[in-house]
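Heads up, the thing below is written out as C-alpha coordinates.
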2 protein chains.
Amino acid sequence: MIYTVGEAARQLNVAASTIRYYDKEGLLPLLERSSGGMRMFRDDDMSSLKIIECLKKTGMPIKDIKHFIDSCIEGDSKIDERLAIIESQRESVNRQMEEMQKMKEMLDYKCWYYETAKAAGTCAVHDQIKPEDVPEKFHQFLNQP
Amino acid sequence: MIYTVGEAARQLNVAASTIRYYDKEGLLPLLERSSGGMRMFRDDDMSSLKIIECLKKTGMPIKDIKHFIDSCIEGDSKIDERLAIIESQRESVNRQMEEMQKMKEMLDYKCWYYETAKAAGTCAVHDQIKPEDVPEKFHQFLNQP
DNA sequence: GCTTGACTTAAAGTTAACTTTAAGTTGTAG
DNA sequence: CTACAACTTAAAGTTAACTTTAAGTCAAGC
(Lines give C-alpha, C1' and ligand atoms only; values in the text may rest on other atoms or scores of the structure.)
Protein backbone atom coordinates (compact mmCIF):
# COMPACT_ATOMS: atom_id res chain seq x y z
CA MET A 1 0.00 0.00 0.00
CA ILE A 2 1.23 3.49 -0.88
CA TYR A 3 0.11 6.65 0.89
CA THR A 4 0.38 10.36 0.18
CA VAL A 5 1.65 12.65 2.92
CA GLY A 6 -1.94 13.52 3.88
CA GLU A 7 -2.95 9.87 4.20
CA ALA A 8 0.17 9.05 6.21
CA ALA A 9 -0.54 12.01 8.48
CA ARG A 10 -4.11 10.87 9.07
CA GLN A 11 -2.97 7.34 9.91
CA LEU A 12 -0.43 8.54 12.47
CA ASN A 13 -2.61 11.37 13.73
CA VAL A 14 -0.12 14.13 13.06
CA ALA A 15 -0.20 17.15 10.74
CA ALA A 16 1.03 16.68 7.17
CA SER A 17 3.29 19.71 7.68
CA THR A 18 4.93 17.84 10.56
CA ILE A 19 5.81 14.92 8.31
CA ARG A 20 7.16 17.31 5.65
CA TYR A 21 9.24 18.96 8.38
CA TYR A 22 10.65 15.58 9.47
CA ASP A 23 11.49 14.82 5.86
CA LYS A 24 13.23 18.18 5.49
CA GLU A 25 15.23 17.44 8.65
CA GLY A 26 16.44 14.18 7.10
CA LEU A 27 14.40 11.72 9.16
CA LEU A 28 13.04 9.95 6.06
CA PRO A 29 16.11 9.51 3.83
CA LEU A 30 14.70 6.51 1.97
CA LEU A 31 11.33 8.05 1.17
CA GLU A 32 10.66 7.88 -2.55
CA ARG A 33 8.85 10.33 -4.82
CA SER A 34 6.46 9.91 -7.73
CA SER A 35 7.56 11.11 -11.16
CA GLY A 36 5.69 14.33 -10.40
CA GLY A 37 7.52 14.88 -7.09
CA MET A 38 4.84 13.66 -4.67
CA ARG A 39 6.04 11.78 -1.58
CA MET A 40 5.14 8.07 -1.66
CA PHE A 41 4.90 6.44 1.77
CA ARG A 42 5.40 2.68 1.74
CA ASP A 43 5.05 0.32 4.71
CA ASP A 44 8.74 0.78 5.50
CA ASP A 45 8.26 4.53 5.66
CA MET A 46 5.24 4.15 7.92
CA SER A 47 7.37 1.96 10.19
CA SER A 48 10.08 4.60 10.19
CA LEU A 49 7.49 7.20 11.17
CA LYS A 50 6.36 4.95 14.01
CA ILE A 51 9.83 4.63 15.50
CA ILE A 52 10.36 8.36 14.99
CA GLU A 53 7.09 8.97 16.85
CA CYS A 54 8.19 6.61 19.64
CA LEU A 55 11.55 8.33 20.10
CA LYS A 56 9.92 11.77 19.91
CA LYS A 57 7.20 10.90 22.44
CA THR A 58 9.82 9.62 24.84
CA GLY A 59 11.61 12.95 24.70
CA MET A 60 14.39 12.47 22.15
CA PRO A 61 15.22 15.67 20.23
CA ILE A 62 14.88 15.66 16.41
CA LYS A 63 18.67 16.02 16.06
CA ASP A 64 19.26 12.81 18.01
CA ILE A 65 16.52 10.99 16.11
CA LYS A 66 18.32 11.99 12.92
CA HIS A 67 21.52 10.54 14.33
CA PHE A 68 19.69 7.25 14.95
CA ILE A 69 18.16 7.25 11.45
CA ASP A 70 21.58 8.00 9.97
CA SER A 71 23.04 4.97 11.74
CA CYS A 72 20.17 2.86 10.39
CA ILE A 73 21.13 3.90 6.86
CA GLU A 74 24.72 2.89 7.48
CA GLY A 75 23.70 -0.73 7.82
CA ASP A 76 25.05 -3.63 9.84
CA SER A 77 28.25 -1.80 10.83
CA LYS A 78 26.19 0.40 13.12
CA ILE A 79 24.11 -2.27 14.89
CA ASP A 80 26.01 -1.75 18.16
CA GLU A 81 25.42 1.97 18.06
CA ARG A 82 21.73 1.57 17.32
CA LEU A 83 21.35 -0.93 20.15
CA ALA A 84 23.12 1.50 22.51
CA ILE A 85 20.82 4.35 21.48
CA ILE A 86 17.66 2.28 21.99
CA GLU A 87 18.90 0.89 25.32
CA SER A 88 19.73 4.36 26.54
CA GLN A 89 16.31 5.63 25.50
CA ARG A 90 14.66 2.71 27.28
CA GLU A 91 16.51 3.63 30.46
CA SER A 92 15.43 7.22 30.00
CA VAL A 93 11.82 6.01 29.74
CA ASN A 94 12.25 4.03 32.97
CA ARG A 95 13.47 7.16 34.74
CA GLN A 96 10.62 9.19 33.28
CA MET A 97 8.07 6.62 34.46
CA GLU A 98 9.53 6.66 37.96
CA GLU A 99 9.34 10.44 37.97
CA MET A 100 5.77 10.31 36.66
CA GLN A 101 4.87 7.87 39.43
CA LYS A 102 6.17 10.31 42.05
CA MET A 103 4.22 13.16 40.49
CA LYS A 104 1.11 10.99 40.46
CA GLU A 105 1.52 10.30 44.18
CA MET A 106 1.67 14.03 44.85
CA LEU A 107 -1.47 14.59 42.76
CA ASP A 108 -3.18 11.73 44.63
CA TYR A 109 -2.36 13.53 47.87
CA LYS A 110 -3.62 16.86 46.53
CA CYS A 111 -6.83 15.18 45.40
CA TRP A 112 -7.36 13.76 48.86
CA TYR A 113 -6.50 17.18 50.35
CA TYR A 114 -9.16 18.95 48.29
CA GLU A 115 -11.74 16.18 48.66
CA THR A 116 -11.35 16.49 52.42
CA ALA A 117 -11.49 20.29 52.24
CA LYS A 118 -14.57 20.08 50.01
CA ALA A 119 -16.37 17.80 52.47
CA ALA A 120 -15.53 20.17 55.32
CA GLY A 121 -16.31 23.26 53.29
CA THR A 122 -12.93 24.80 54.10
CA CYS A 123 -9.20 24.14 53.68
CA ALA A 124 -8.82 25.11 57.33
CA VAL A 125 -9.80 21.53 58.19
CA HIS A 126 -6.22 20.54 57.42
CA ASP A 127 -4.82 22.78 60.15
CA GLN A 128 -6.31 20.61 62.90
CA ILE A 129 -6.32 17.21 61.23
CA LYS A 130 -4.65 14.39 63.20
CA PRO A 131 -1.88 12.41 61.48
CA GLU A 132 -3.84 9.19 62.13
CA ASP A 133 -6.67 10.58 59.99
CA VAL A 134 -4.29 10.99 57.08
CA PRO A 135 -3.91 7.86 54.90
CA GLU A 136 -0.53 6.23 55.38
CA LYS A 137 0.60 6.80 51.79
CA PHE A 138 0.20 10.56 52.18
CA HIS A 139 2.37 10.95 55.29
CA GLN A 140 5.35 11.87 53.12
CA PHE A 141 3.51 15.04 52.11
CA LEU A 142 2.72 16.29 55.61
CA ASN A 143 4.75 19.20 57.02
CA GLN A 144 4.32 20.68 53.56
CA PRO A 145 1.60 23.30 54.09
CA MET B 1 13.68 28.77 57.64
CA ILE B 2 14.02 31.52 55.02
CA TYR B 3 15.83 31.10 51.72
CA THR B 4 17.09 33.44 49.04
CA VAL B 5 16.23 32.73 45.41
CA GLY B 6 19.59 31.04 44.93
CA GLU B 7 19.13 28.76 47.92
CA ALA B 8 15.60 27.90 46.85
CA ALA B 9 16.87 27.14 43.35
CA ARG B 10 19.57 24.83 44.69
CA GLN B 11 17.06 22.97 46.86
CA LEU B 12 14.67 22.36 43.97
CA ASN B 13 17.44 21.81 41.43
CA VAL B 14 16.31 24.53 39.02
CA ALA B 15 17.98 27.77 37.87
CA ALA B 16 17.42 30.90 39.94
CA SER B 17 16.36 32.68 36.74
CA THR B 18 13.60 30.10 36.34
CA ILE B 19 12.19 30.91 39.77
CA ARG B 20 12.38 34.64 39.01
CA TYR B 21 10.54 33.94 35.75
CA TYR B 22 7.81 32.03 37.61
CA ASP B 23 7.49 34.93 40.03
CA LYS B 24 7.21 37.40 37.14
CA GLU B 25 4.49 35.22 35.62
CA GLY B 26 2.50 35.45 38.84
CA LEU B 27 3.04 31.90 40.15
CA LEU B 28 4.27 33.13 43.55
CA PRO B 29 1.77 35.85 44.50
CA LEU B 30 2.34 35.50 48.25
CA LEU B 31 6.13 35.62 48.12
CA GLU B 32 7.44 38.34 50.44
CA ARG B 33 10.45 40.60 50.06
CA SER B 34 13.06 41.90 52.49
CA SER B 35 13.23 45.62 53.14
CA GLY B 36 15.96 45.74 50.51
CA GLY B 37 13.81 44.02 47.87
CA MET B 38 15.25 40.50 48.09
CA ARG B 39 12.85 37.59 47.69
CA MET B 40 12.33 35.65 50.93
CA PHE B 41 11.26 32.03 50.42
CA ARG B 42 9.43 30.54 53.41
CA ASP B 43 8.27 26.92 53.77
CA ASP B 44 4.92 27.85 52.22
CA ASP B 45 6.70 29.25 49.18
CA MET B 46 8.85 26.14 48.88
CA SER B 47 5.65 24.06 48.96
CA SER B 48 4.16 26.27 46.26
CA LEU B 49 7.24 25.70 44.15
CA LYS B 50 6.88 21.95 44.67
CA ILE B 51 3.31 21.85 43.40
CA ILE B 52 4.30 24.16 40.53
CA GLU B 53 7.11 21.72 39.70
CA CYS B 54 4.68 18.80 39.87
CA LEU B 55 2.17 20.43 37.53
CA LYS B 56 4.93 21.54 35.17
CA LYS B 57 6.58 18.11 35.07
CA THR B 58 3.24 16.53 34.25
CA GLY B 59 2.86 18.82 31.26
CA MET B 60 0.68 21.67 32.46
CA PRO B 61 1.49 24.99 30.74
CA ILE B 62 2.56 27.97 32.90
CA LYS B 63 -0.66 29.79 32.01
CA ASP B 64 -2.77 26.97 33.45
CA ILE B 65 -0.55 26.69 36.52
CA LYS B 66 -1.16 30.39 37.08
CA HIS B 67 -4.90 29.76 36.85
CA PHE B 68 -4.57 27.09 39.55
CA ILE B 69 -2.48 29.39 41.78
CA ASP B 70 -5.01 32.17 41.27
CA SER B 71 -7.79 29.89 42.47
CA CYS B 72 -5.68 28.98 45.51
CA ILE B 73 -5.45 32.67 46.38
CA GLU B 74 -9.22 33.04 46.14
CA GLY B 75 -9.70 30.74 49.11
CA ASP B 76 -12.40 28.26 50.07
CA SER B 77 -14.84 29.47 47.38
CA LYS B 78 -12.61 27.83 44.78
CA ILE B 79 -12.07 24.43 46.42
CA ASP B 80 -14.27 22.70 43.82
CA GLU B 81 -12.35 24.26 40.98
CA ARG B 82 -8.99 23.34 42.47
CA LEU B 83 -10.14 19.76 43.02
CA ALA B 84 -11.34 19.59 39.41
CA ILE B 85 -8.00 20.88 38.12
CA ILE B 86 -5.99 18.38 40.18
CA GLU B 87 -8.30 15.48 39.24
CA SER B 88 -8.03 16.38 35.58
CA GLN B 89 -4.25 16.54 35.82
CA ARG B 90 -4.18 13.16 37.55
CA GLU B 91 -6.17 11.67 34.70
CA SER B 92 -3.79 13.29 32.26
CA VAL B 93 -0.90 11.64 34.11
CA ASN B 94 -2.67 8.27 33.88
CA ARG B 95 -2.99 8.70 30.12
CA GLN B 96 0.64 9.75 29.84
CA MET B 97 1.77 6.71 31.81
CA GLU B 98 -0.26 4.40 29.58
CA GLU B 99 1.30 6.06 26.53
CA MET B 100 4.75 5.75 28.09
CA GLN B 101 4.13 2.07 28.73
CA LYS B 102 3.29 1.52 25.05
CA MET B 103 6.42 3.37 23.98
CA LYS B 104 8.48 1.28 26.41
CA GLU B 105 7.09 -1.91 24.86
CA MET B 106 8.17 -0.70 21.43
CA LEU B 107 11.65 0.10 22.74
CA ASP B 108 11.78 -3.34 24.39
CA TYR B 109 11.03 -4.85 21.00
CA LYS B 110 13.65 -2.71 19.28
CA CYS B 111 16.21 -3.74 21.91
CA TRP B 112 15.44 -7.37 21.29
CA TYR B 113 15.60 -6.72 17.54
CA TYR B 114 19.10 -5.21 17.75
CA GLU B 115 20.35 -7.72 20.32
CA THR B 116 19.33 -10.49 17.95
CA ALA B 117 20.88 -8.67 14.98
CA LYS B 118 24.07 -8.07 16.98
CA ALA B 119 24.34 -11.76 17.86
CA ALA B 120 23.87 -12.71 14.21
CA GLY B 121 26.12 -9.93 12.96
CA THR B 122 23.44 -8.68 10.58
CA CYS B 123 19.91 -7.25 10.58
CA ALA B 124 19.16 -9.65 7.73
CA VAL B 125 18.59 -12.34 10.37
CA HIS B 126 15.12 -10.84 10.88
CA ASP B 127 14.10 -11.53 7.29
CA GLN B 128 14.09 -15.29 7.87
CA ILE B 129 13.22 -15.49 11.53
CA LYS B 130 10.30 -17.78 12.44
CA PRO B 131 7.39 -16.27 14.42
CA GLU B 132 7.87 -18.96 17.08
CA ASP B 133 11.38 -17.62 17.67
CA VAL B 134 9.95 -14.19 18.45
CA PRO B 135 8.92 -13.73 22.10
CA GLU B 136 5.13 -13.61 22.49
CA LYS B 137 5.06 -10.02 23.76
CA PHE B 138 6.72 -8.78 20.57
CA HIS B 139 4.26 -10.34 18.11
CA GLN B 140 2.33 -7.06 17.94
CA PHE B 141 5.37 -5.48 16.28
CA LEU B 142 5.81 -8.04 13.51
CA ASN B 143 4.76 -7.13 9.97
CA GLN B 144 6.42 -3.82 10.71
CA PRO B 145 9.74 -4.05 8.88
C1' DG C 1 34.28 51.47 55.28
C1' DC C 2 35.35 48.15 51.72
C1' DT C 3 35.06 44.12 49.06
C1' DT C 4 32.63 40.60 47.04
C1' DG C 5 29.23 37.46 45.79
C1' DA C 6 24.47 37.25 45.35
C1' DC C 7 20.79 39.72 44.56
C1' DT C 8 17.50 43.25 41.70
C1' DT C 9 15.15 44.75 37.10
C1' DA C 10 13.72 45.28 32.20
C1' DA C 11 14.64 43.96 27.94
C1' DA C 12 16.49 41.28 24.56
C1' DG C 13 17.98 36.72 22.97
C1' DT C 14 17.58 31.64 22.45
C1' DT C 15 15.79 27.16 21.17
C1' DA C 16 12.95 23.49 19.54
C1' DA C 17 9.44 22.05 16.98
C1' DC C 18 6.52 23.00 14.41
C1' DT C 19 2.93 26.03 11.45
C1' DT C 20 1.68 29.25 8.11
C1' DT C 21 2.03 31.60 3.87
C1' DA C 22 2.39 32.26 -0.96
C1' DA C 23 2.99 30.83 -5.30
C1' DG C 24 2.94 27.24 -8.08
C1' DT C 25 2.28 21.91 -9.62
C1' DT C 26 0.09 17.27 -9.69
C1' DG C 27 -3.32 13.89 -10.10
C1' DT C 28 -7.98 12.43 -10.52
C1' DA C 29 -13.02 12.64 -11.31
C1' DG C 30 -16.39 14.06 -14.42
C1' DC D 1 -10.31 19.33 -21.14
C1' DT D 2 -11.46 21.35 -16.93
C1' DA D 3 -11.99 21.77 -12.12
C1' DC D 4 -10.35 21.15 -7.85
C1' DA D 5 -8.47 19.12 -3.86
C1' DA D 6 -4.15 17.87 -2.43
C1' DC D 7 0.27 18.18 -3.26
C1' DT D 8 5.11 20.91 -3.84
C1' DT D 9 8.77 24.47 -2.08
C1' DA D 10 11.27 28.17 0.49
C1' DA D 11 10.82 31.36 3.69
C1' DA D 12 8.80 33.58 7.32
C1' DG D 13 6.09 33.34 11.57
C1' DT D 14 4.69 31.31 16.08
C1' DT D 15 4.96 29.63 20.76
C1' DA D 16 6.55 28.27 25.22
C1' DA D 17 9.73 28.41 28.51
C1' DC D 18 13.24 29.86 29.73
C1' DT D 19 18.22 32.34 29.63
C1' DT D 20 21.25 36.05 29.09
C1' DT D 21 22.68 40.71 29.43
C1' DA D 22 23.53 45.07 31.44
C1' DA D 23 23.39 48.14 34.88
C1' DG D 24 22.79 48.64 39.24
C1' DT D 25 21.72 47.34 44.66
C1' DC D 26 22.08 44.51 48.90
C1' DA D 27 24.21 42.03 52.72
C1' DA D 28 27.86 39.71 55.16
C1' DG D 29 32.66 39.24 56.49
C1' DC D 30 36.91 41.58 57.50
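Throughout, protein chains are lettered first and strands after them, A, B, ... in sequence-line order, and every chain is numbered starting at 1. What you are looking at is a predicted structure, and each value in this text was computed from that prediction instead of being measured.
- The residue among A/Lys24 and B/Arg10 whose nearest nucleotide of DNA chain C lies closer to the 5′ end is B/Arg10.
- Comparing D/dT19, C/dG27, C/dA17 by their closest approach to the side chain of B/Tyr21 singles out D/dT19.
- Atom CG of B/Asn13 has 12 or fewer heavy atoms from other residues, nucleotides or ligands within 6.0 Å.
- Within 4.0 Å of A/Thr18, counting heavy atoms only, lie sugar-phosphate atoms of the nucleic acid but no base atom.
- Rounded to an integer number of Å, the gap from B/Leu55 CG to D/dA17 P is 12 Å.
- Nearest to the side-chain atoms of B/Lys63 among the listed nucleotides D/dA16, C/dC7, D/dC18 stands D/dA16.
- Aromatic ring pairs are classed by plane angle as parallel below 30°, tilted from 30° to 60° and perpendicular above 60°; the pair B/Tyr109 and B/Phe141 is parallel.
- Linking ILVMFWY residues whenever their side-chain heavy atoms come closer than 4.5 Å, directly or via other members, places B/Leu28 and B/Val5 in the same cluster.
- Residue B/Arg39 is classed as a sugar-phosphate contact, given heavy-atom separations below 4.0 Å to backbone atoms only.
- Applying side-chain contact (heavy atoms from CB on, under 4.5 Å) to A/Cys72 and the options A/Arg82, A/Glu81, A/His67 leaves one that passes, A/Arg82.
- Comparing B/Ile62 and B/Gly36 against DNA chain D, the residue whose closest nucleotide sits nearer the 5' end is B/Ile62.
- Here the nucleotide nearest the side chain of B/Met38, chosen from C/dT8, D/dC7, C/dC18, is C/dT8.
- Not a single donor-acceptor pair under 3.5 Å links the side chain of B/Gln89 to the backbone N or O of A/Leu107.
- Within the 4.0 angstrom heavy-atom criterion, base atoms lie near B/Ser17.
- Atom P of nucleotide D/dA6 and atom CD1 of A/Ile19 are separated by 15 Å, given to the nearest angstrom.
- When rounded to the nearest whole Å, the span between CG of A/Leu31 and P of D/dC7 equals 13 Å.
- Minimum atom distance to the side chain of B/Tyr22 is reached by D/dC18, of the listed C/dG27, D/dC18, C/dC18.
- The distance from atom CE of A/Met40 to atom P of D/dT8 is 11 Å, rounded to the nearest whole Å.
- Atom P of nucleotide D/dT25 and atom CZ of B/Arg33 are separated by 16 Å, given to the nearest angstrom.
- Among the atoms of the strands shown, only primed sugar atoms or phosphate atoms (P, OP1, OP2) are found under 4.0 Å from some heavy atom of A/Ala15.
- Following rounding to the nearest Å, A/Ile52 (CD1) and C/dA17 (P) show an atom-to-atom distance of 13 Å.
- The interatomic distance linking B/Arg20 (CZ) with D/dA17 (P) rounds to 20 Å, in whole Å.
- One finds no side-chain N or O of A/Thr4 lying less than 4.0 angstrom from the OP1 or OP2 phosphate oxygen of D/dA6.
- Put simply, CG on B/Leu27 is 10 Å from P on D/dA17, counting in whole angstrom units.
- Side-chain N/O atoms of B/Ser34 include none lying less than 4.0 angstrom from OP1 or OP2 on D/dC26.
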